[in-house]
A.B. asks: 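Take a look at the following structure, please.
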Amino acid sequence: MKIKILGTRGKIEASAPKHSKHSGILIDDKILIDVGEKSYLKCDPSYIFFTHLHPDHAWFVETNEFFNPPAQVYSTEKNHLIKNYNIIEEPLTIEDYHIVPVPTIHSIKVKSQGYIVEKNGKRVLYTGDMVWIEKQYKSLLENLD
């Protein structure tokens, strides 16, 4: 898997040039996890996953714009700004990828989860912001690459 880090900054003032954009990663130019910047849509992903719906991970939450990209969207919870999406709570397979949602604890106001992305025997985990993963999910984290 080819992983490109698009942004890492939270909702704070940018202080480091390499951390000036909000959260997002792109896997194999197909899977975008978190859309902290509207410009990430120029990557033309086929699938979009949200770890949670805070503005630094979902830019449209702050701007109150409708989000309707030409990609399949998977969210942690309902949001009136997202058009045509699926709530992801169970593992799913898309193309050559197996995606496993891992519930995380980040905020009392939004549901959050990380994602294990598996392809060709490789397993990576992206969590976005989090404070904790409950013990019952820790076995999912074995043998990560």
A.B. asks: Could you pull out all residues at least two apart from Lys135 that satisfy salt bridge (charged side-chain N to carboxylate O under 4.0 Å, His left out)?
C.D. replies: none
A.B. asks: Taking only residues at least two apart or on different chains, which pairs with a member in residues 121-145 satisfy ring-ring contact (aromatic ring centres under 6.0 Å, His included)?
C.D. replies: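 Not a single pair qualifies under ring-ring contact (aromatic ring centres under 6.0 Å, His included).
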A.B. asks: Could you note down all residue pairs passing side-chain hydrogen bond (donor to acceptor under 3.5 Å, both in side chains) where residues 35-44 supplies at least one of them, sequence neighbours left out?
C.D. replies: His22-Glu37, Lys38-Glu65
A.B. asks: When you compare the side chain of Val110 with that of Phe50, does any pair of heavy atoms fall below 4.5 Å?
C.D. replies: no
A.B. asks: Has Glu90 got more than 12 heavy atoms of other residues, nucleotides or ligands less than 6.0 Å from its CD?
C.D. replies: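 No, CD of Glu90 has 12 or fewer neighbouring heavy atoms, counting only those of other groups under 6.0 Å.
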A.B. asks: State, with a plain yes or no, whether a side-chain heavy atom of Leu125 is found less than 4.5 Å away from one of Leu141.
C.D. replies: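 Counting from C-beta outward, Leu125 and Leu141 do come under 4.5 Å.
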A.B. asks: Is any side-chain heavy atom of Trp59 less than 4.5 Å from a side-chain heavy atom of Phe67?
C.D. replies: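 Contact flag for Trp59/Phe67 side chains = yes.
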A.B. asks: Taking only residues at least two apart or on different chains, which pairs with a member in residues 105-118 satisfy salt bridge (charged side-chain N to carboxylate O under 4.0 Å, His left out)?
C.D. replies: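 Found Glu89-Lys111, Glu118-Arg123.
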A.B. asks: Of all the heavy-atom pairs spanning Pro45 and Ala71, show the shortest one and how long it is.
C.D. replies: O-CB, 3.2 Å
A.B. asks: Output a table of donor-acceptor pairs, distance under 3.5 Å, between side-chain atoms of residues 24-35 and any protein atom two or more places apart or on a different chain; print 'none' if there are none.
C.D. replies:
{"unit_1": "Asp28", "atom_1": "OD1", "unit_2": "Lys2", "atom_2": "N", "d": "2.6"}
{"unit_1": "Asp28", "atom_1": "OD2", "unit_2": "Tyr97", "atom_2": "OH", "d": "2.7"}
{"unit_1": "Asp28", "atom_1": "OD2", "unit_2": "Lys119", "atom_2": "NZ", "d": "3.2"}
{"unit_1": "Lys30", "atom_1": "NZ", "unit_2": "Glu95", "atom_2": "OE1", "d": "2.5"}
{"unit_1": "Asp34", "atom_1": "OD1", "unit_2": "Thr51", "atom_2": "N", "d": "2.8"}
{"unit_1": "Asp34", "atom_1": "OD1", "unit_2": "Thr51", "atom_2": "OG1", "d": "3.1"}
{"unit_1": "Asp34", "atom_1": "OD2", "unit_2": "Thr51", "atom_2": "OG1", "d": "2.8"}
{"unit_1": "Asp34", "atom_1": "OD2", "unit_2": "His57", "atom_2": "ND1", "d": "2.6"}

A.B. asks: Please enumerate all residues that pass salt bridge (charged side-chain N to carboxylate O under 4.0 Å, His left out) together with Glu77, with sequence neighbours excluded.
C.D. replies: none
A.B. asks: Can you confirm whether Asn86 sits close enough to Ile88 that some side-chain heavy atom of one is under 4.5 Å from a side-chain heavy atom of the other?
C.D. replies: no
A.B. asks: For Asn120, what residues pass the side-chain contact (heavy atoms from CB on, under 4.5 Å) criterion, not counting sequence neighbours?
C.D. replies: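 Listed in chain order: nothing, the list is empty.
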A.B. asks: Are any of the side-chain heavy atoms of Ile87 and Thr76 separated by less than 4.5 Å?
C.D. replies: no
A.B. asks: Is there a continuous path of hydrophobic side-chain contacts, each under 4.5 Å between heavy atoms, that joins Met1 to Ile116?
C.D. replies: no
A.B. asks: Hey, mind stepping through Gln113 and Val102 against side chain to side chain contact (heavy atoms under 4.5 Å, CB included) and telling me if it holds?
C.D. replies: CA-CA 5 Å; Gln113 59 194 19; Val102 180; 5.7 Å; no
A.B. asks: Please list, chain by chain and in numerical order, all residues satisfying side chain to side chain donor-acceptor pair (under 3.5 Å) with Ser139, sequence neighbours excluded.
C.D. replies: none
A.B. asks: Which residues pass the side-chain contact (heavy atoms from CB on, under 4.5 Å) test with Asn64, not counting sequence neighbours?
C.D. replies: His80, Leu81
A.B. asks: Just jot down the side-chain contact (heavy atoms from CB on, under 4.5 Å) partners of Asn68, sequence neighbours excluded, or say none.
C.D. replies: Lys83, Asn84
A.B. asks: Enumerate the residue pairs fulfilling salt bridge (charged side-chain N to carboxylate O under 4.0 Å, His left out) with a member in residues 98-107, sequence neighbours excluded, ordered by first and then second residue.
C.D. replies: none
A.B. asks: Not counting sequence neighbours, which residues clear side chain to side chain donor-acceptor pair (under 3.5 Å) with Ser107? List them please.
C.D. replies: none
A.B. asks: Quick one, Pro69 and Ile48 - any side-chain contact, counting heavy atoms below 4.5 Å?
C.D. replies: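 In short, these two side chains touch, coming nearer than 4.5 Å.
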